[in-house]
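Only one structure is covered here, and it is reproduced in the block below.
Predicted, not measured: the structure shown is a model, and the values here were computed from it. A note on names: the letters A, B, ... follow the listed sequences, proteins ahead of strands, and every chain is numbered from 1.
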Protein chains: 2
Amino acid sequence: MTGKRSPARRPTMKDIARRAGVSESAVSFALNGRPGVSEVTRDRVRRVAEQLGWRPSTAARALSGEGAATVGFVLARPADTLGVDSFFLQLVSGIQEVLAERHLGLLFQIAQNIADECAVYRRWWAEHRVDGVLVVDPRTDDPRPDLLDELGLPGVVIGGAPDARHPGLTTVWADDAGAMAAVVDELYALGHRRIVHIAGLAGLAHTERRIRTLRAEADRRGLTEVRSVTTDYSDAEGAAVTRRVLSGPTPPTALVYDNDVMAVAGVAAAAGLGFSVPADVSVVAWEDSALCRMVKPWLSALSRDTVEFGRTAARELTALLDGGPARTVQVPVPQLIGRESTGPARGD
Amino acid sequence: MTGKRSPARRPTMKDIARRAGVSESAVSFALNGRPGVSEVTRDRVRRVAEQLGWRPSTAARALSGEGAATVGFVLARPADTLGVDSFFLQLVSGIQEVLAERHLGLLFQIAQNIADECAVYRRWWAEHRVDGVLVVDPRTDDPRPDLLDELGLPGVVIGGAPDARHPGLTTVWADDAGAMAAVVDELYALGHRRIVHIAGLAGLAHTERRIRTLRAEADRRGLTEVRSVTTDYSDAEGAAVTRRVLSGPTPPTALVYDNDVMAVAGVAAAAGLGFSVPADVSVVAWEDSALCRMVKPWLSALSRDTVEFGRTAARELTALLDGGPARTVQVPVPQLIGRESTGPARGD
DNA sequence: GCCGCGCACTAATGCGCTTGAGTTCGATCA
DNA sequence: TGATCGAACTCAAGCGCATTAGTGCGCGGC
C-alpha cells in the first residue's frame, strides 16, 4: 500500500522460467518454436507466457543478434510540399498493414534532402535500429542504393526502375511509361496535338521516365508541340506553370499534371485566365484521390491502388528480411479514369 | 580479397577502448560526459569515436535501462479517412523536427480503432520499444490516459482539453472554444442567423467542445436555428450533409466545416444545388491548407501553425522524458482568415 | 613519514535474450 | 549387458552498453 500505484513491471523470460519450472533456455526454445523441448512443456511455457502477458524485449533481441524488428522509412521532401499529397499516407497505410501482422515496427523520419536521408540510414544502421528500409522517390543518379549496399542493409526501392547494378535491392514499380503512352493515346484520339506535361521534381526516376516516354510518343506521331515542364509538385508551381503555358501564343489543348494537387490548382488557374475545362483545355491528373472528385469539373486521373502498392513493398521487404532473394516486382499500370476534365480538342 | 565486399561492421565501445588504450568504462564515462576521466582522455576518446563513426547501439542502451530513445505515435482513424487530410503530415513534420535534434526515433503506426491503439501501446511498452507516446484525437471518454498511467508511459495528449484526473500527462491544446466564438461573432456580424456546423467525428474531445461552444454562443444571442451535425471527416459525408441541410425548407446561410476537405467538398455540393458561395451561403473551413486556396472561391479558414503545434508537442514530450513535470500548454488560438467564401447574409 | 583523501581509471556485474556446449536419462542395438 | 544415441533440458557465454565497486597513485596535512 504505497498509495501510488507502482508502474507495472515487464515480465521477463526468467519469470516465465520460474513459473513453469524450467530453465530460461527451455523457455526460449519453447517460445521460438525450435526443437529441444517436448510439446507438453512447450504448451505449458506458452500458457504461462500468455498469462503473464510476456512480450520479447526488442532491445534484448536486437542485442543478441536477432535484428531490431523494425524497418525504416524516410521521406525527403521539403516540408511544405508534403502537405496535401495523399500518396504517402496511403502508401504508409498499406505498408503498416503488412508490417503490423508481423509485429514489425515502422520508424519514420522526415529529412530535408537526400544527403540527410543518407545520414539517417547510416545512423539507423550504426544504432542498430532497423533491419531494413523502404526507399521512396528514387532518383536518376541516386546515392542511396550504393549506401545500402555498403551497409549491408536490406532495402526495397519503391517506384524506381529496375536497376541491374544493385542486385541486393528489391524494386517495386509501376510501368509509368506504359501509362504515359496510354494517356497520349487517349489525348491524341481526342484530337489533341499540343500537350504540356507539368511534371514533378526533376531528377526523380519516374519523372524522367515519364518525360522520356512523352517525348518518344510525341516523336512517334510527329507531334512537335509537346513538352514537359518540371516543378516541385506544389500547388503554387502547378498554378504558375499553368498560367505561363496558357498565356503563350499557341496554348496547349491538353495538360497532364504529375499529381492531383497541381492538377486542381491548374484548373483553377486556367479558369482564372478564362480557359474552361474541358472545352478549351483538357486536364489529366497523374494520381487519383478524393481531391479529383471534390472539384468541378471532376478530374480525369490515372488511378492505382496506392495502399496495395504499399502492401506489396512491405511484403517484399519482409521477404528480404526472411533471407529471400531480391526481386523486381511490377505492380499494375495506373489506369486512366475518364471523368469530366477531358474532352475533344477544340478545332482551331 | 574475398571478391564480395563484406558488409561494414559496427564499431563498438570495445573498439574505441582498444584504439584509445583505455578501458571500456572509461570510454563510457568519456562519451556520456560524466566524471571519472581527465579532459585529455575524454577528448582522445571522443576523437577516436568520431573517427570510427561510432554510434551507441540503441538496443544495448535500452537494455541497460536507458530507454529506447524512441517515441511512439499511433493514428487511429479509418484508412480511407486519412487520405487528403494535411493535418497529420504537418503535425508529424513538426514533431520530427524536434525529435531529430535529439536523435529520438519516431515509431509510427496506423490502427483501426482505439482498442487496437491501446493494444499497440501495451505491446510497445512490453517490448521496450518506446519511452513515451504522443496521443492524438483525444475523446470525451478516453481509455488511453488510464492505460498510460497504468503502464507508467509518459505521454503528451495533443488537442485535448486539460484533464485534472491524469496529472501525469501533458496536454497541448488550442482553445477551440475561443475560435468557435470568434467565428460565430464574425458570422453574426455579417448578418447570419442560421448556421450549420458540419463537425467531425462525434466523441472526439475537440468536436464536442466546438459543438458545446457553438450552442452556448447561439443561446447567448437567442439564435434558434443553429446546430451541429457530426460526420466522419470525409469529403463524401461533408458533401452529403451539405446537400441535406441546404435542401431543407429554411436552409442555413452559413456553414462551418470542421476540416478543409469537407469544406471544399461542401462548396462543390452547394454549387451542384444552385447555391453560390458566398452570395447564397457563406463557408468557413476549420483548418487551413493549400486546399483552401486551390478552389474558387478561396475559402475563409481558421488557420494555425500546425507544424509548430507538432514541435510544441514534441518538445513537451522530450521535457517529460527528461524527468520534467507534466504541464498543460496552450498553443495560439486559430485565427480566422477571411477570404472569398464568407460574406453578408442574404436578406430573406 | 604515515594516513587518508580525491582523482583517474579498471574490473565486474547486469539488462533480457539467444545459442552452442554440455548433461541426464531412458530407449535401442549389437 | 554395456555401449550408443537421441530427446529433453540445463549451463554458461556473450551481444553492447551503463554502472557500481574497487584499485593504484600522487598529494597535502599532521
Reading 5' to 3' through nucleotides 8-13 of chain C, protein heavy-atom contacts under 4.0 Å coded B for base, S for sugar-phosphate only, - for none: BBBBB-
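- If you take CD of A:E66 and P of D:dG14, they are 18 Å apart, rounded to a whole angstrom.
- The separation between A:E127 atom CD and D:dC17 atom P is 11 Å, rounded to whole Å.
- Atom pair B:H128:NE2 and C:dG14:P shows a separation of 18 Å (rounding to whole Å applied).
- At whole-Å resolution of the value, CG in A:N32 and C1' in C:dG16 are 12 Å apart.
- Put simply, CG on B:L31 is 16 Å from P on D:dG16, counting in whole angstrom units.
- Nearest-nucleotide mapping onto DNA chain D: of B:L63 and B:R34, the residue sitting toward the 5' end is B:L63.
- Side-chain contact between B:T170 and B:L317 is absent, with no heavy atoms from C-beta onward closer than 4.5 Å.
- The residue A:P35 sits apart from the nucleic acid: no heavy atom pair falls under 4.0 Å.
- Scanning both residues, B:P56 and B:R61, for their nearest heavy atoms gives CG-NH1, 3.2 Å.
- Nearest approach of B:L169 to B:L148, heavy atoms of both residues: CD2-CD1, 4.0 Å.
- Atom CG in B:D15 sits about 8 Å away from atom P in D:dG16, given to the nearest Å.
- The side chain of A:S28 approaches C:dT19 more closely than any other nucleotide in the set C:dT19, D:dC15, D:dA18.
- Spacing between atom CD1 of A:I16 and atom C1' of C:dT18 amounts to 14 Å, rounded to whole angstrom units.
- Salt bridge annotation for B:R315-B:E308: present, with a cationic side-chain nitrogen under 4.0 angstrom from a carboxylate oxygen.
- Per the geometry, CZ belonging to A:R55 stands 11 Å off P belonging to C:dC17, to the nearest Å.
- Using the six-membered ring where Trp is involved, B:F108 and A:F108 have ring planes that are tilted, between 30° and 60° apart.
- The phosphate of C:dT18 (OP1 or OP2) has a side-chain N or O of A:R61 nearer than 4.0 angstrom.
- Listed nucleotides: C:dG16, D:dC15, D:dT19. Nearest to the side chain of A:A60: C:dG16.
- Using a 4.5 Å heavy-atom threshold, the side chains of A:V120 and A:E117 count as separate.
- Among the protein residues, A:M13 comes within range of the nucleic acid bases, having at least one heavy atom under 4.0 Å from a base atom.
- In terms of heavy-atom proximity, B:L63 sits nearest to A:A59 at N-CB, 4.0 Å.
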